[in-house]
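Residues take their numbers from the sequence shown, with the count starting at 1. Atoms within each ligand, like the ligands themselves, are counted from 1 in listed order.
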Amino acid sequence: MVAARPSKAEVFRKCGKRLRDRTAESGIFLALTRLPERPTRIAVRRDFSAIFRLILALTMIFPALAPRALAADKVELSVDASKTGAKIDRNLFGQFAEHLGHGIYDGIWVGPDSPIPNTRGIRNDVVAALREIRVPNVRWPGGCFADEYHWRKGIGSSRAVTLNPNWGGVIEPNTFGTNEFMDFLDQIGAQAYISVNVGSGIPREAAEWLEYMTAAQPTTLATKRAADGHPAPYQVRFLGIGNESWDCGGNMTPDYYLSQLKIYSRFVRNYNPAQQDKKQMLKIAVGPGGGEPRWTEWTEAIMKAYQHHTWSWDMNGLSMHSYTVVKWPPSYTSEGFGETEYAQILKSTLDMNDLINKHSAIMDKYDPDKNVALVIDEWGAWYAPLPGSHPGFLLQQNSLRDAVLAALNLNIFARHADRVRMANIAQMINVLQSMILTDKEKMVRTPTYYVYKMYVPFQDASFVPVSFDAGAYTHGDITLPRVDAIAAKGKDGKLWLEITNIDPNQPVEIEASVAGIAAKSATGETLTAPRVDSINTFDAPNSVVPEPIAVKVQGGKLSLKLEPKSITVISVE
Ligand code: AHR
């Protein structure tokens with residue numbers, strides 16, 4: 001599913017430019033180009049290019065003349081491990097898997113008769129990779145798909161063949177249905193986030209689906225589930241009541257949606273005895289899709305109703321969808337881009353913070369105790385489809401830029417951990433900003449996957465504030481913070497620090513003062529790559545993988561050097 005990498009000629013051209021840029025920043029270049037008189041600009045350019053060619057030739061013959069490592073700016077951080085804040089809920093690291101393109105079929109499901117190694121039809125390689133990142137929950141079956149999904153077509157020995165009108169109008173074989181999804185969750189160790197059909201379904205259909213999944217008593221539907229191979233009731237931890245009901249989910253007004261929400265909340269029950277007191281099913285209402293007035297009005301309407309809700313309906317979460325796209329339709333390329341697109345995309349992704357602030361402020365008005373979580377159950381980068389791929393399949397590459405983007409968003413969520421308690425990146429496999437790409441029997445872990453892996457210690461850790469002066473990275477008219485950082489006290493008792501160096505050109509020297517624990521040693525990993533658009537491919541799967549990083553600990557201070565465009569996670573003991 002991954003398009004060819006740039007041609008050799010293109011790579012060569014880019015490498016040449018990069019070498020020129022780096023050489024320009026090096027001391028050697030400055031020493032050799034000090035000119036006795038003030039020349040004209042054209043003459044300077046000619047001289048520079050002659051000298052550049054000379055340096056290039058010399059550095060090829062004498063590698064010792066190669067550009068020196070770049071001087072690093074210093075950023076001081078200060079962390080007090082005794083000042084813990086909200087829990088960074090592990091559900092912030094949730095995933096989203098929709099029946100879309102090759103997200104389910106080929107990505108997860110290959111069928112029991114496939115030559116691709118599988119367990120009851122589910123790919124073993126994908127399960128093994130996902131287990132490593134400790135996926136807490138998976139949202140399924142959509143997305144827009146959910147509002148046209150009729151669950152009965154996906155159970156039993158003979159499956160109805162239907163269509164997927166939202167995503168390319170292709171055949172939906174329904175071979176991956178409820179029991180296959182639950183088996184998949186069981187294999188990866190995640191909880192179910194079921195999104196029920198409010199758009200084209202009826203409350204009874206959703207209520208019966210929950211009865212089929214969760215009833216322990218021998219009702220007709222529970223008996224059917226047992227006959228389908230699962231006598232024990234399933235647990236459904238999260239229930240999504242509709243998806244984008246203001247758009248693909250039925251173009252509803254807030255008031256119309258509210259009336260649906262109340263009905264579904266009342267009648268779509270979870271019967272699992274293990275979920276009556278503890279681990280109760282949490283109900284997530286449709287929330288905003290942006291910051292414009294129509295979205296703030298939506299949040300106002302739902303939260304105002306919640307404030308006065310009676311015993312007969314409830315909600316535990318308000319969903320928010322926000323993609324990093326810059327403008328619609330998605331036109332940024334996911335591969336073969338440069339620093340300008342890197343800076344533009346990252347600038348846009350940082351808007352997530354304002355969006356959360358905006359909707360949190362409304363929620364605070366009606367729910368000051370923060371009983372309702374803001375659930376960002378669709379987020380991530382949305383680029384133009386890869387050339388040659390089906391435009392309805394939303395297939396894109398995943399580069400180092402996406403890894404930085406993921407880290408920045410996870411940090412924003414962590415800083416809002418008291419209200420933002422769940423998030424689902426879109427989407428898990430082969431769709432948008434995915435963890436994994438597959439092509440027949442091949443599988444590759446993306447740079448974003450490795451960010452999720454590095455952040456595992458932050459799951460259910462307690463947030464610890466970090467103070468620092470982020471500095472600035474400027475490219476053209478865009479200025480971004482140079483560094484970003486979060487800290488947390490892990491369940492393992494260690495202090496964990498994440499530091500991102502956004503600047504793609506300059507390293508950063510970090511000096512972190514740590515109070516609240518006697519810091520004796522620290523270890524860490526860093527994720528970086530030569531280019532902002534570096535990717536992992538099926539042929540070169542380890543181009544963007546975490547590497548160990550050296551951290552010096554002395555007198556309660558940590559020092560380390562961050563590579564340009566890098567994500568670093570360290571643990572302190
Ligand atoms: O993730 C792709 C689509 O984006 C989802 O189906 C929909 O909810 C959103 O608009």
> Identify the closest protein heavy atom to atom 1 (O) of ligand 1: which residue and atom is it, and at what distance?
Replying inline: Y323 OH, 2.7 Å
> Given H99, which of Y105, W167, F393 fulfils the ring pair (Phe, Tyr, Trp, His ring centres under 6.0 Å) condition?
Replying inline: Y105
> Going by the atom numbers of ligand 1, which of them fall below 4.0 Å from some non-hydrogen atom of F96?
Replying inline: 1 (O)
> Of the backbone atoms (N, CA, C, O) and the side-chain heavy atoms from C-beta on, which set of N243 has a member under 4.0 Å from an atom of ligand 1: side chain, backbone, both, or neither?
Replying inline: side chain
>> Side chain or backbone, does F145 bring an N or O within less than 3.5 Å of an N or O on ligand 1?
In response: no
> Got a sec, which residues hit ring-ring contact (aromatic ring centres under 6.0 Å, His included) with Y271, two or more places apart in sequence or on another chain?
Replying inline: none
>> Which residue and atom name correspond to the protein heavy atom nearest atom 6 (O) of ligand 1, and how close is it?
In response: E98 OE1, 2.7 Å
> With a cut-off of 4.0 Å, which atoms of ligand 1 are near a heavy atom of G143?
Replying inline: 5 (C), 6 (O), 8 (O)
> What is the closest protein heavy atom to atom 8 (O) of ligand 1, and at what distance does it sit?
Replying inline: E378 OE2, 2.7 Å
> W379 versus I425: any side-chain heavy-atom pair under 4.5 Å?
Replying inline: yes
> What side chain to side chain donor-acceptor pair (under 3.5 Å) pairs are there with at least one residue in residues 243-266, not counting sequence neighbours?
Replying inline: R139-N243, E244-H321
> What do we get for W167 next to ligand 1 when only non-hydrogen atoms under 4.0 Å count, side chain, backbone, both or neither?
Replying inline: side chain
>> Between K224 and D228, does any side-chain N to carboxylate O distance fall below 4.0 Å?
In response: yes
>> Check for me whether the distance between the ring centres of Y323 and W328 falls short of 6.0 Å.
In response: no
> Taking the non-hydrogen atoms of W382, is any one of them nearer than 4.0 angstrom to ligand 1?
Replying inline: yes
> Atom CG of D106 and atom CD1 of I429: how far apart are they, to the nearest 0.5 Å?
Replying inline: 10.5 Å
>> Angle between ring planes, H309 versus W313, binned at 30° and 60°: parallel, tilted or perpendicular?
In response: perpendicular
> Which part of L432 is near ligand 1, with near meaning a heavy atom under 4.0 Å away: side chain, backbone, both or neither?
Replying inline: side chain
> Taking atom 2 (C) of ligand 1 as the point of reference, which of E244, Q427, H99 owns the nearest heavy atom?
Replying inline: Q427
